[in-house]
Amino acid sequence: MPCDGAGKEVVPEAVKVLRGVGADLEFEDFDIDADSYLRTGVAIPDATWKDLQAADSILFGAVGDPRVPDPKYLHGVLLRLRFELDLYVNLRPAKLYDDRLSPLRREDRRKVDLVVVRENTEGAYVGMGGRFKQGTPDEIATQEDINTYAGVTRIVEYAFGLAKREVVMVDKSNAMTYAGGLWQERWKAIAKAHPNLKTRHLFVDAAAMQLVKDPSQFEVIVTGNLFGDILSDLTAELVGGMGIAPSANLNPKTGRGLFEPVHGTAPDIAGKGVVNPIGAILSAGMMIRHLGHREMADAIEGAVESAIRAGDCTRDLGGSLSTSQAGDAVVKRLKD
Ligand code: NAI
Ligand code: MG
C-alpha cells in the first residue's frame with residue numbers, strides 16, 4: 001500500500017530491495033489513495049479490506065494529501081488498520097549508521113541504538129471525545145485518553161520481552177495521574193517478573209531532555225501512543241532525520257504486521273524524485289525479519305549502512321542520488 005505522495009515513491013524501492021535480496025514473496029498492490037477517496041468518499045473499499053485482512057504482512061507508504069484535510073481519511077486507512085488488526089506494538093528503532101548523521105556535538109554521546117516501543121491501539125488516538133457549542137466562544141472540546149489494564153499490560157510485557165539490558169518506562173504520571181497510575185502499577189508488576197533486566201522510569205518531558213543530552217544511555221523505551229509518536233520523531237532526528245526512520249506495527253499474538261517508514265507523505269518534496277527511500281527499505285527489512293528471514297534482514301541493514309557510509313544516498317543524508325538511484329545503491333550492495 002504505497003498510498004500518497006512520498007509513499008508512492010519509496011514503497012517501490014523497498015520492493016526492489018526485497019526482490020534483490022531474494023525474498024520469495026508474493027506481492028499484491030492496492031490503490032488506496034487520496035485520489036480514490038476524493039472520487040468515491042471511501043477510504044478502503046470492503047473487498048480490499050478483506051484482502052488486507054488475509055495478508056501475512058502489509059508494506060505501507062504514507063497517507064495524507066493537502067487536498068484532504070478530512071481526518072476521516074487518515075482514520076479510515078492507517079488508524080483503521082492499526083486498530084482493527086489490533087497491531088498494538090509500534091516498534092520504532094533508531095540506529096546511527098554513520099557519525100556524520102548525528103546532530104550532537106559531543107562524539108561520546110552520539111552512539112544511538114535504541115527502540116521506542118509505542119502503544120499503538122489506545123491512548124489519545126482512539127477518536128473519543130467531542131466538541132460542545134462548536135464555533136462559539138463557549139466551546140468545549142474533549143479528547144479522551146484511553147488506557148486499559150489489558151492494553152498497558154501487553155505493551156509493557158512486550159518491551160520487557162524485547163530488552164536485553166534495560167527498559168525505560170515513560171509516562172506523565174505526575175500530571176496525568178489516572179492513566180499514569182495504571183501505567184505505573186502495571187510497569188512495576190511486570191518489572192518484578194523480570195529481575196534480570198534493569199528498569200527505570202522517566203517523565204516524558206525529562207525523557208525528551210535525556211534523549212537530546214545523551215541518547216546512548218537508552219536501549220528500550222516503552223510508552224503510550226501520543227508520547228511514542230512524539231519521541232520517535234525526536235529519535236529519528238538523532239540518527240539522520242525522517243527519511244531514514246523505519247517502523248513496524250505488530251500483533252505478536254496473531255503474527256500480523258504492517259511495516260512503514262515513520263515519515264508522512266512529504267508534500268513539500270514529493271514527486272521530484274528526491275525523497276529518501278531508506279526508511280521504507282529498513283521497514284521492509286523489519287518485515288522480512290518478522291516473517292522469519294533473519295539473514296535477509298541483516299543483509300538489507302548491512303547494505304543500507306554501507307550505502308550511507310559511502311555517501312550513496314539522497315540529499316537529506318548528504319548525498320546527491322535520486323530516490324531510485326538510492327534504492328539501486330542498496331540493491332548493489334546486498335551481495336557484498
Ligand atoms: P512528513 O513526514 O511528511 O514531512 C516532515 C518533513 O520531513 C518534511 O520536511 C519532509 O520533506 C521531510 N521528509 C519526510 N519524508 C522524507 C523522506 N522520505 N526523505 C526526505 N525527507 C523527508 O510530515 P508532515 O509534513 O507533518 O505531514 C505531511 C502529510 O503526511 C500530512 O498529510 C500528514 O497527515 C501525513 N502523515 C502521514 C503519516 C503516515 O502515513 N504514517 C505520518 C506523518 C504524517
Ligand atoms: Mg508521527
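A quick note: this is a predicted structure, and the numbers were derived from the prediction, not measured. Remember, it's 1-based here, ligands and their atoms both numbered in the order they're listed.
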Near Glu260 (heavy-atom distance under 4.0 Å), the atoms of ligand 1 are 41 (N)
Distance flag, aromatic centroids of His290 and Phe259, threshold under 6.0 Å: yes
Can a cation-pi geometry be assigned to Arg309 and Tyr97, taking NZ or CZ under 6.0 Å from the six-membered ring centre and within 45° of the ring axis? no
Residues 187-205 vs salt bridge (Lys or Arg N to Asp or Glu O under 4.0 Å), sequence neighbours excluded, gives Glu166-Arg200, Lys172-Asp205
Option nearest atom 3 (O) of ligand 1 (shortest heavy-atom distance, choices Gly243, Ala270, Ala266, Ala62): Ala266
In this structure, which one of Asn249, Leu87, Leu85 forms a side chain to side chain contact (heavy atoms under 4.5 Å, CB included) with Ile58? Leu85
Any N or O of Val63 that comes nearer than 3.5 Å to an N or O of ligand 1? yes
Pull out every atom of ligand 1 sitting under 4.0 Å from any heavy atom of Gly64, numbered as shown with elements. 32 (O)
Contact partition for Pro267 relative to ligand 1, non-hydrogen atoms under 4.0 Å: side chain
As an exercise, identify every atom of ligand 1 less than 4.0 angstrom from a heavy atom of Gly264. 1 (P), 2 (O), 3 (O), 30 (O), 36 (N), 37 (C), 38 (C), 42 (C), 43 (C), 44 (C)
May I ask you to identify, for Asp268, whether its side chain, its backbone, both or neither come under 4.0 Å of ligand 1 on a heavy-atom basis? side chain
Against heavy atoms of Asp316, which atoms of ligand 1 measure under 4.0 Å? 20 (C)
SB check Arg256 Asp86 (cutoff 4.0 Å): no
With sequence neighbours left out, what residues match Gln143 under side-chain hydrogen bond (donor to acceptor under 3.5 Å, both in side chains)? none
Pair Asp214 + Lys111: basic N to acidic O under 4.0 Å: no
In ligand 1, which numbered atoms sit nearer than 4.0 Å to a non-hydrogen atom of Leu78? 39 (C), 40 (O), 41 (N)
Under 4.0 Å from a heavy atom of Ile269: give me the atoms of ligand 1 that qualify, with their elements. 11 (O), 20 (C), 21 (N), 22 (C)
